[in-house]
Amino acid sequence: MDYNEIDRKWQKEWQDAGIFEGDVNNNEPYMVTVAFPYVNAPLHIGHIRTYGTADVLARYKRMNGYNVLFPMAFHATGTPILAFAKRIKNGDKDLVSELKLFGIPDSEIEKMSDPEYIASYFTREIEAGMRRTGLSIDWRRKFVSTEPMFSKFVEWQFGLLNSKGYIVKGRHPVGWCPNENQAVGMHDTKKDAEPEIEKELAIAFRIDGEDAYFLCATYRPETVSGATNIFVKASAVYSKCTLNGKGPFYISKVSSASLKYQFAVEQLSEISGSELLSKSCQNPVTGLKLPVLDGFFVDDSLGTGIVMSVPAHAPFDYAAIEKLKASGTHVEITPIRVMEIKGKEDGKEQAEPYVDVPSMKYMEMFKSKTDEYAMLEAATKQQYRDEFHYGHMIAEGYAGMGEAEAKERISHDLTSSGKAMDIYVIANHPVVCRCGHSVVVKVVEDQWFLNYGNKEWKALAKSALDGMSILPEKSRKAFESAIDWIDLRAVARAQGLGTRFPLDNSKIIESLSDSTMYMCFYTISNLLRGIDPQLLKPEVFDYILLGKGSLDAVSKSSGIDGQVLKRCRESFEYWYKVTSRHSATELIFNHLTMYIFNHSALLEKSYWPKQIVVNGTVLSDGEKMSKSLGNIVPLVAGAEKYGTDVVRALVIAGADLFSDSEFSEVAAKGIDERLSYLMDIAGRIDQMETGQLGHNDYWLYSRLNRKINTATSQIEKLELRGFGTSVLYDSVLELRRYISRGEPNAIVVKDFVAAVTLMLCPIAPHISEEIWHIMGNRDFASTEKWPSPDLSLISDKVEDEEKEIDEVISDAKRVMSLLDRAGKAPKSIRLVVAEDWKRSIYRMAHKSRNMKQVMDLIGTSEGQADLGIPGGKEGEAAAYASSIAKRINSIPDVQSSQEEEHTLLNDAASFISKSLGCKVTVELAQKSSSKRAGNAHPLKPSIDVET
RNA sequence: GCAGGGGUGGCAGAGCCUGGCCAAAUGCGACGGGCUUAGGACCCGUUUCCUUUGUGGAUGCGAGAGUUCAAAUCUCUCCCCCUGCACCA
């Protein structure tokens with residue numbers, strides 16, 4: 001079928017009819033918003049996961065009579081667009097080839113050294129892509145996050161946050177490129193490595209006979225009392241310097257250069273590492289005299305370039321000492337153990353021989369590693385892991401404490417007595433900036449933060465969350481932890497596009513923080529369009545969003561027409577009552593949580609979000625879509641190639657909300673086949689007969705109404721995988737069976753296809769619309785009423801009976817194939833229907849799930865009468881009951897009588913006969929002459945194949 | 001490391017909340033057959049093992065233990081995988 005033609009036709013019809021434009025009216029409102037796209041790339045099919053899921057909800061709600069608003073805007077603030085422009089300017093080949101992958105012409109790429117142009121180009125492209133995908137968006141409300149009128153809104157937001165005391169000032173470590181002199185994040189580094197910043201404790205070891213210290217950075221300050229010596233790198237250059245006026249300290253020259261982004265560093269002198277070897281110092285806790293040694297593993301660019309050596313707890317330290325000994329250096333060092341392992345139940349440590357030097361044990365554990373360095377790394381990791389979980393201090397002053405507690409206490413003790421200080425390091429060093437320089441840690445003073453750590457604010461956010469529906473519900477826990485976890489968030493940056501930070505005009509508001517409330521702005525963006533942004537003073541938004549002040553006063557002071565202000569207020573009040581927010585799962589820990597916080601802080605409770613929906617991503621043939629793999633499917637190209645609805649169904653309904661969905665050609669073909677089948681049937685209804693409804697017809701009605709019932713509850717919860725399977729795949733199966741079973745009834749098929757088409761509409765709107773019109777309807781399926789189930793037509797009995805027919809056929813086929821193997825050809829088949837007393841026994845067994853009770857009943861004459869066992873059949877009944885005793889737990893609930901079953905099979909005999917290619921007769925067990933009559937069970941007639 | 005989500009048949013993926021018609025839906029793949037000049041599409045069958053004029057049995061849902069008349073489903077322990085971890089959209 002020609003999807004493209006159908007897609008375009010209905011997109012145009014919808015557009016012309018304006019059915020997706022939402023305006024205030026008397027119906028119940030429902031507003032759906034999605035994380036707006038960042039305008040530095042075209043859409044690929046992965047985007048449709050989130051946008052499409054939101055669209056499904058919007059379309060579903062629309063069909064349920066809600067007045068739906070699904071708006072869209074564009075995100076352009078922040079640094080990526082600037083970086084993008086710069087890369088184009090520098091002729092970055094990777095970026096250019098990536099853009100070409102999306103089919104962007106050279107003539108356009110050339111112009112992209114201008115950030116403005118990038119934003120406008122992709123804004124157009126993305127909108128076109130969304131339109132091409134049939135998203136039911138009200139485009140009249142679109143805006144870009146860099147627009148002046150939106151900036152005014154953001155300024156209002158931050159002014160209000162500040163007045164509530166949620167903005168604070170402090171110091172903060174960031175990844176920093178000393179060469180480019182700016183903060184760097186993941187997208188600024190080679191291999192897109194995220195600079196992981198960790199805090200270490202730098203401990204000062206007083207040098208004997210000199211007013212100076214060795215400054216050792218360590219992750220494990222709790223082991224300091226086990227320090228037996230100091231390691232330096234003999235070949236490196238060290239610097240004697242003060243940090244923030246303290247010291248003087250010896251640290252490596254390289255580290256002194258990077259630490260100046262954290263401290264005021266005053267260089268005093270330089271000295272070679274080998275010269276340090278003659279010095280000694282004191283352990284700050286135990287007072288032990290520590291020699292200085294050359295450590296083979298010491299890297300002068302890590303930490304401070306000086307390491308405290310704890311051989312008992314650090315495999316590297318132990319190994320370095322052994323190495324020195326082996327090379328003939330005179331070393332007299334006894335490892336000192338500071339903790340022991342308790343509570344590990346595998347018993348290994350009881351038997352271990354190196355109890356005084358635990359690190360030896362761990363080295364032994366990984367001795368199979370060929371590479372010594374890898375062995376030591378593995379040993380270090382394992383030892384730390386064990387000691388973290390099971391370690392208990394034995395060192396004086398901290399005995400009995402767990403590792404974590406001891407670490408905290410010792411750090412505190414050392415820091416408060418001036419013997420140590422915090423320093424930040426790049427944990428995954430080296431992280432290299434795109435410019436080629438190693439990234440260091442810079443502590444930014446006077447940084448502005450949103451204080452998400454504020455207790456009252458957290459409580460507000462929690463209560464907002466409690467009042468919200470979260471889909472899928474199982475992700476609620478993630479939100480709860482996110483609210484607990486989120487703390488200070490830097491909010492002003494030196495660079496990037498965006499809104500100036502009201503408290504410091506030299507800064508730009510960070511781009512995730514400026515997009516936490518923009519959903520409100522949709523309700524008024526179309527009304528404010530054309531108004532001079534300068535008029536949008538805070539009191540305007542106070543009035544519109546908070547209902548503060550009087551219309552006249554605000555109109556007068558702002559200079560904005562009172563009618564406009566009034567409509568804005570009404571629009572906000574109307575739409576923002578019920579909002580559903582959609583995003584991908586990875587935004588739970590930042591955007592979505594910030595969204596909750598900001599809404600709960602700024603708006604009245606009645607305008608807090610009502611629902612958040614999160615979804616997984618899209619894989620392409622099992623792989624994550626990535627530029628390097630070249631497996632990104634651009635959205636428009638995908639829609640053109642496979643058909644919009646095929647892509648939509650695949651991506652949206654291909655997986656559970658929370659898991660990743662899979663895009664593959666094979667699956668696309670599968671969807672295509674089903675959609676084509678439905679369309680084909682719809683076109684053939686006219687040629688079908690009508691007549692009296694038979695068993696088969698009631699079966700299809702039962703299936704249909706059951707489907708409507710369950711599918712509706714599934715789509716309510718956006719369980720779209722199950723929904724899609726039931727509405728698309730199962731429907732096709734059911735229709736096929738129905739048609740092959742006998743004369744299809746036009747009315748029944750029409751009812752079925754109509755309901756299925758309407759339910760399919762949110763997922764596959766274009767094809768549904770087409771089918772709907774093929775069936776002779778004039779109005780849009782998209783605005784049609786969602787089908788409601790007729791529960792009275794749902795019948796377990798009818799469905800069980802049809803299932804019985806299918807099973808008779810498949811069982812008979814099996815028997816026939818066995819006969820075939822034996823070289824016998826079937827002549828005719830007799831189906832023998834089980835007696836009613838067997839049904840009584842089944843029912844009893846099903847109800848009681850206790851065969852003894854049933855047997856007891858058969859044993860009494862009253863029981864026999866109750867069960868309808870004819871005289872003389874007691875023995876047979878008891879034997880029968882015991883024969884089914886084994887499967888007591890799987891005895892079905894039988895509703896049909898023998899008479900009914902007989903009629904059913906008789907009526908279906910021609911169908912069964914046709915399926916088997918053999919004559920079929922049906923008889924009652926008590927009247928049957930078949931030897932196999934006794935084998936008949938309720939719903940499982942005995943099949944006697946005569947040869 | 002912390003937090004969240006997972007581990008089901010050749011593969012993908014239901015089922016798990018609310019234990020029992022679950023040898024486990026559905027799809028894909030594979031194999032055999034039909035249709036066809038042939039291929040595709042379509043249709044039928046098989047796809048853990050054993051048994052077989054059938055509706056029977058064994059094993060079985062990451063590993064182990066437990067609760068129960070009964071466990072893929074409930075409890076505990078362990079192993080493994082995925083995602084996120086902040087100034088970055």
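Not measured: the values here are computed from a predicted model. So that the names make sense, note that chain A is the first sequence line, chain B the second, and so on, each numbered from 1.
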Regarding A:D484, tell me which of base, sugar-phosphate or nothing describes its non-hydrogen contacts under 4.0 Å with the strands shown. nothing
What is the base-pairing partner of B:A30, counting Watson-Crick and G-U wobble geometry with both distances under 3.5 Å? B:U46
Within the pair A:R476 and B:G4, is there a side-chain N or O less than 4.0 Å away from OP1 or OP2? no
With a non-hydrogen cut-off below 4.0 angstrom, is A:E673 in contact with a base, only sugar-phosphate, or nothing? sugar-phosphate
Tell me: CD1 of A:I809 to P of B:C43, nearest whole Å? 16 Å
I'd like to know if the side chain of A:S929 pairs up with that of A:R830 as donor and acceptor (distance under 3.5 Å, no hydrogens or angles considered). yes
Given that A:H591 and A:A936 both sit by RNA chain B, which one's nearest nucleotide is further toward the 5' end? A:A936
Check the distance between B:C11's C1' and A:E665's CD and give it to me in whole angstrom. 18 Å
A:K477 near the nucleic acid: base, sugar-phosphate alone, or nothing, with a heavy-atom cut-off under 4.0 Å? sugar-phosphate
Closest nucleotide among B:A86, B:U55, B:C43 to the A:W485 side chain: B:A86
Can you measure A:L488 atom CG to B:C85 atom P for me and round it to whole angstrom units? 18 Å
Side chain of A:F589 (C-beta onward), nearest among B:G54, B:A86, B:A3: B:A3
Touch check for A:N40, heavy atoms < 4.0 angstrom, all strands: base, sugar-phosphate only, or nothing? nothing
Roughly how far apart, to the nearest Å, are B:G27 and B:C42 at atom P? 12 Å
Using a heavy-atom cut-off of 4.0 Å across all strands, would you classify A:H75 as base, sugar-phosphate, or nothing? sugar-phosphate
Under a 3.5 Å limit on both distances, the Watson-Crick or wobble mate of B:C78 is B:G62
Trace of the side-chain hydrogen bond (donor to acceptor under 3.5 Å, both in side chains) decision for A:E801 with A:S896: CA-CA 8 Å; A:E801 287 168 350; A:S896 325; 2.8 Å; yes
Pair A:S731, A:K707: side-chain N/O donor-acceptor within cut-off below 3.5 Å: yes
Distance between P atoms of B:A24 and B:A72 (Å, rounded): 13 Å
More than 12 heavy atoms of other residues, nucleotides or ligands under 6.0 Å from NZ of A:K797: yes or no? yes
Using only side-chain N and O atoms of A:K931, determine if any of them is under 4.0 Å from OP1 or OP2 of B:U53. no
Kindly indicate, with the supporting measurements, whether the criterion ring-ring contact (aromatic ring centres under 6.0 Å, His included) is fulfilled by A:F74 and A:F36. CA-CA 6 Å; A:F74 304 96; A:F36 56 3; 8.3 Å; no
Counter-base of B:U18, judged by Watson-Crick or G-U geometry with both distances under 3.5 Å: none
Complementary nucleotide for B:U83 - Watson-Crick or wobble, under 3.5 Å: B:A3
How close or far is atom P of B:C2 from atom CG of A:D487, stated in whole angstroms? 19 Å
For A:P941, report the nucleic acid contact type (base, sugar-phosphate, nothing); a contact means any heavy atom under 4.0 Å. base
Which nucleotide wins on minimum distance to the side chain of A:T725, given the candidates B:A25, B:G54, B:G27? B:A25
Please report, rounded to the nearest Å, how far the P atom of B:A25 is from the CD atom of A:Q714. 18 Å
Looking at every strand, decide which applies to A:G670 at a 4.0 Å heavy-atom threshold: base, sugar-phosphate, or nothing. nothing
Nearest to the side chain of A:Y729, which nucleotide is it out of B:G5, B:G27, B:C87? B:G27
How close or far is atom C1' of B:C43 from atom CD1 of A:I739, stated in whole angstroms? 14 Å
With heavy atoms under 4.0 Å as the rule, sort A:T585 into base, sugar-phosphate or nothing. nothing
Does any donor-acceptor pair link the side chain of A:S659 with the base of B:G6 at a separation under 3.5 Å? no
Nearest to the A:R932 side chain among B:G54, B:C87, B:G27, which nucleotide is it? B:G54
Pick the C1' atom in B:U68 and in B:G19, then give their distance to the nearest Å. 9 Å
Mind checking A:R721 for me? I need base, sugar-phosphate or nothing, with any heavy atom below 4.0 Å counting as a touch. sugar-phosphate
Could you tell me how far apart A:L728 (CG) and B:G13 (P) are, to the nearest whole angstrom? 18 Å
If you draw the axis of the six-membered ring of A:Y880, does the NZ or CZ of A:K838 fall within 45° of it and under 6.0 Å from the ring centre? yes
Determine the Euclidean distance between corresponding P atoms of B:U51 and B:G7; express it in Å to zero decimal places. 35 Å
Mind checking the P distance from B:A70 to B:U59? Whole angstroms is fine. 15 Å
Does the structure show a Watson-Crick or G-U wobble partner for B:A23, both distances under 3.5 Å? Name it, or say none. none
Are there over 12 heavy-atom neighbours, none belonging to A:E408, within less than 6.0 Å of that residue's CD? no
Can you tell me how far C1' in B:C50 sits from the matching atom in B:A25, rounded to whole Å? 26 Å
What is the distance, rounded to the nearest whole Å, between atom CG of A:D656 and atom C1' of B:A12? 13 Å
Nearest listed nucleotide, side chain of A:N935, among B:U26, B:G54, B:G5: B:G54
Just checking, any donor-acceptor pair under 3.5 angstrom between side chains of A:S942 and A:N935? no
CD-CG distance between A:E665 and A:L650, expressed to the nearest 0.5 angstrom: 10.5 Å
Whole-Å P distance, B:C21 and B:U73: 14 Å
A:E473/A:R476 ion pair, N-O < 4.0 Å: yes
Quick note, A:R736 side chain, CB onward, closest among B:A3, B:C43, B:G54 is B:C43
Counting any heavy atom closer than 4.0 Å, what does A:I588 reach on the DNA or RNA strands: base, sugar-phosphate only, or nothing? nothing
Under 4.0 Å, counting only non-hydrogen atoms across every strand here, what does A:K669 touch: a base, just sugar-phosphate, or nothing? sugar-phosphate
Identify which nucleotide among B:U26, B:C21, B:G84 has an atom closest to any side-chain atom of A:D800, counting heavy atoms from C-beta outward. B:C21
Have a look at A:A490 and say if it touches a base, only the backbone sugar-phosphate, or nothing, with a 4.0 Å heavy-atom cut-off. base
Which value, in whole Å, describes the distance between the C1' atoms of nucleotides B:U52 and B:U37? 41 Å
Would you indicate which nucleotide in B:A86, B:U26, B:C28 comes nearest to any side-chain atom of A:L733? B:U26
Just checking A:V945: base, sugar-phosphate only, or nothing, at a heavy-atom cut-off of under 4.0 Å? base
